[in-house]
Structures are given as structure tokens and as C-alpha cells.
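Single-structure report; data block below.
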Amino acid sequence: MEIKRSKISELFTSKPIGEKVNIKGWVRTKRGNRQVGFIAVNDGSTIKNMQVVVDIARFGEEALKPVTTGACLSVSGQLVASQGGGQEIEIQCENLTVYGTADPQSYPLQKKGHTMEYLREIAHLRPRTNTFGAVFRLRHNMAIAIHKFFHERGFYYFHTPIITASDCEGAGQMFQVTTMNLGEIKKDGNGAVSYDDDFFGKQASLTVSGQLEAELAAMALGAVYTFGPTFRAENSNTPRHLAEFWMIEPEVAFNEIEDNMQLAEDFIKYCVKWALDNCYDDLKFLNDMFDKELIERLNSVIKVDFVRLTYTQGVEILEKAVKDGRKFEFPIYWGADLAAEHERYLVEEHFKRPVILTDYPKEIKSFYMKQNDDGKTVRAMDVLFPKIGEIIGGSQREEDYGKLLRRADEMHVPHKDIWWYLDTRRFGTAPHSGFGLGFERLMLFVTGMSNIRDVIPFPRTPRNAEF
RNA sequence: UCUUCAGUAGCUCAGUCGGUUAGAGCAUCUGACUGUUAAUCAGAGGGUCGUUGGUUCAAGUCCAACCUGAAGAGCCA
């Protein structure tokens, strides 16, 4: 008789002791002696393994030969309270089918731990480890939390283009998109590449941000957010950068910078709380395995108020620290862009909690940010987090057509590339604000992982596009 | 892109002042064991010392270039 398959997570929740159940999953370990075998099976539904107990006398030693680490099984039997100490329940095996074997000589995952660097080389198999199972379950949950947060607040999920012909944000080097034969590129009279015959009839690239298009949507739908892939061709080799990453960009009409800050703070707290409420088993594993302060840090972030101060105040604190003998590698003065060491000092040493810095000098920020009356600063905001630095960058946007135009000119953004963006300031302009958050940066914080390549299934970095 | 560190068995690493046949733990295989918890115990097999070139009587070890990985910095999210 066929028994309906249960997910292991369901069995651990409902614990139908005495019932006949069926599970399907992959072998993590096998132990035992001549009389009895113990198989730990994981099906991805939870970090917990189901222990399957096999009476060797009944099945024969040969039957267990193909049951090795990595093999895929279907197991039926009675769910019983475990006689051993390591787990609450287990399955007394009555029927065992091997769907797929995994040759132990060549299967790259062993029972013992591996380094993250090694697991990156076998990214096709690393979801089968406890660590990456936990990370990817969390990744899913964070995506759900993001959509729930915005949906509950009346935001619309707005899809901005992946392929774009405008590079106006200046957010970084772009990947070019073309159908031209790179072996025979057509040049014009001046030796410049001619895009007339290219697919779009002009130069096109992968998006570095959906912000400008999200602003268009905010000017109609009121409150929107994007959540999609983003591409940067920067040669950045750090544990915090990817060439392909996912970004969340809310944009809200009538929000001033203060509303924007509140939204950012509420948003992060909502996501962190979601993880604590819905992924505790996985967090506990990551906490015990990699980062002993993870859960404590997550709990603390949802409790404290983020510090809010202006760039000018931040620089004053840093200047005072220097006067008191604190050494920094880079000089600090009003007008300087803050280096990572400066941000870290403010967050980790001075305030010891998340910090939102606002009102930066206009020279070090983008053309679209709203200018303050002092003529020197813009209504930018960066949310700085312990361990990972800048997790959010945002601003109130310049809604004044004339001021925006002047700023675009000063920063050499051609009008012809952003005529559609400028139009929003000509037709029914409104104060509005928004921010961008790198999804994998949030993942770093929530999982406690230390390298961004370990919070995305298949990382894209310079010289690496395997899988 | 810059700086620093690393690359030796399937994995994680040791290898002293350049000198005999390159070692360990885990994994794998064989055997033992009446309920194991990263099971335990005994034994066995397993090496292009990242690549190329150089110095030397002699190179895993010294030098150079390159490749790969990591950390920090820059750029940013």
C-alpha cells in the first residue's frame, strides 16, 4: 500500500507517533553495526534530519550498501519515539527504495565540515549542507517578508527594466548588452562603434538600478517598490560585492527624508523580526556554528532606535575622536567622503547601534538628491550597520525642475538620456523619497555569514561565472 | 584595481637551516562491534607538492612571472 509522502518538517511538528509514514530525501550520514543501521535523512524542509532505523537482520547487509552519504531515498515505516538520546522521533524502516546512489569515492560532500571556499567550488551541491540549507531557507523567507512588508503598507510591486539604454545613475560600470558580432564591429567615420544595426539601435546595458523608473511609478501609484536583479561590472573583489545582486528600491510620493528614514528602519526591523519568528531553527544553527552573537544581535536591532544624525555632526564626532588620539588611515574633514573605518567607528565604537547619517555634501552624492537651503548639502541618507557597513542608501529626491536641471548639468548628465525623468518634474511634480537596499547585504546581516558569495546560490564575481 | 597572506592526498593541514623513501587527522575501502548521534576500534589504499621558467651537486623548501583563493583598501548596495 502506498503511503502519502510527508515532509520531515511536518512530522516534527505534528509528531503522529504510531502512524505509518513515508519520507523522501537525501542521506546525510549512516551509522550502525551488524544488527542495526541508522540513517540520517534530510529533505530540505527543515534543518532537522529524520533518523531512520534499519533492522539489518530483516533487510540484509547488502540492502544498505547503496545507502551512502548523498544518496536519495524513499523510506516508509512506523513513526516512533526514539530510543536514542539525540532525537525525539524516528522511523522504524519497513520499506526502503534508493532513487539515486551517490558513489562515496567521488561524492564531494563528506559528513565532516568543509570550508566555505571549497563549498563555493561545488555550488551545485552545497545546498545539501546544513549551512546552505539554512541560508537558502532564510533567503526565501526574507524575500517573502519584503513583499509582505510593502504589501501590508499599500505599496505596489513595480517591475523596472533589466535592460536599459540609460546610464544616468552613475552607480557603476555597466555590462553591455548586444547582439552584434564582436568579431566584426561596425565603426563610424570617427572610429566610434556604430550601434545602428544593434538589436535596440543604440547602446544598451544591464541595469545598475531601477530607481529612476521607480520614481516615475511613484508619481502615479503613490508608493511602489522594486525587487529585482541588478548588475555592476565593477572590478570589486570584496566579501561585500557581487557583479549580479538583488536590490529592493521603495519610492514614495509625498515622503520627506524623515518619513524615508522611518520607512527604512521599520523595514529592516520587520525583516529581522520575520527571520526570528519564522526561521529560528536555522538561525540557531548558524548562531551555534558560525556567529555566537547572531541571535543576540538580531534581537538587539529590533529593539533599539537607530541613531539619526547629520553628516556634519558625524564629522564633528570623528574630528573629536582624532583630537583625543584616535588614529585613522584617511584624513577626516568636512567635505570628505567617509571611509569604511569612519563609518565603523561611528556604528561600532561610538554609538554601538545602527546609525542613519543624513545631509551629505552635494559634491559626493548623486544629481537627483534634493538640495538643502544651505546650498551645500543634499537630503541623502545612509543606514550604517554593524559588521557590514552601508546597508541602505537613499534620499529625498529633487522635485524642482530648475534645480534638478542645474544639478544634472553640473554633474554632466545629458538631458537627452533622462528627458522622461525630467518630465516628472514638469508635469505634476511632488516631494518624494526612496532608498535602495542590497538584498544580499541584508542576508549577510540576518545569517551572520561573512562572505556575500555564501548568501546567494550562484555568485557572480570578477572572473567567476561557473554554474 | 592596490596591499598582504595562502596554494602539499578526496577534505583540513604539518613539513625545521635547501639534503635519504613527503607526514597527520578526517573521508574512502576491508574487518570488528546488540541503539548509533560529526559513533567507536584495528588495518589498507591514496601524491604531477598550483603552473612555467630559473638558481643549485641537490628544490615541497630559494628567486621570477603567471594562475587560483582569501583578508584589508578603493568603488558601492
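A note on names: the letters A, B, ... follow the listed sequences, proteins ahead of strands, and every chain is numbered from 1. We use all heavy atoms of the structure for the numbers below, so side chains are in, but hydrogens, waters and symmetry mates are not.
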Looking at N237(A), I'd like to know whether one of its side-chain N or O atoms comes within less than 4.0 Å of OP1 or OP2 on A73(B).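 For N237(A), the contact criterion (side-chain N or O under 4.0 Å from OP1 or OP2 of A73(B)) is not met.
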
Short side-chain N/O contact from R232(A) to OP1 or OP2 of C76(B), under 4.0 Å: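 No, no such contact exists.
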
If you count the non-hydrogen atoms of other residues, nucleotides and ligands that lie under 6.0 Å from NE2 in H151(A), is the total more than 12?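 Count not over threshold, so no.
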
Within the structure shown, what part of the strands sits under 4.0 Å from [X] by heavy-atom distance: base, sugar-phosphate, or nothing?
X	value
F38(A)	base
Q87(A)	base
G37(A)	nothing
F439(A)	nothing

My understanding is that a pair needs two contacts under 3.5 Å, Watson-Crick or G-U wobble. By that rule, which nucleotide pairs with A64(B)?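 Its partner is U52(B).
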
Could you identify the nucleotide paired to G72(B), looking across every strand shown and requiring Watson-Crick or G-U wobble geometry with both distances under 3.5 Å?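 Its partner is C2(B) (Watson-Crick or G-U wobble, both distances under 3.5 Å).
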
Could you identify which residues of residues 62-84 of chain A place a heavy atom less than 4.0 Å from some atom of RNA chain B, listed by residue number, or say none?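 Under 4.0 Å from RNA chain B: S82(A), Q83(A), G84(A).
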
Between the side-chain atoms of S236(A) and the base atoms of C76(B), is any donor-acceptor pair under 3.5 Å?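 There is none.
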
Donor-acceptor pair under 3.5 Å, E121(A) side chain vs G7(B) base: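 No.
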
Shortest side-chain distance from [X], nucleotide among [options]:
X	options	value
H241(A)	A70(B), G74(B), C11(B)	G74(B)
Y118(A)	G10(B), A77(B), G35(B)	G10(B)
Q51(A)	C33(B), U28(B), U36(B)	U36(B)
Q110(A)	C29(B), G35(B), G10(B)	G10(B)

Take E258(A) and R308(A) through the test salt bridge (charged side-chain N to carboxylate O under 4.0 Å, His left out) and record every step on the way to the result. CA-CA 10 Å; E258(A) 290 78 15; R308(A) 299 178 187 193; over 6 Å; no

Nearest-Å distance once atom C1' is located in both G18(B) and A70(B):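 After rounding to an integer number of Å, I get 29 Å for this pair.
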
Determine the Euclidean distance between corresponding P atoms of U3(B) and C41(B); express it in Å to zero decimal places.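 It comes out at 48 Å once rounded to the nearest Å.
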
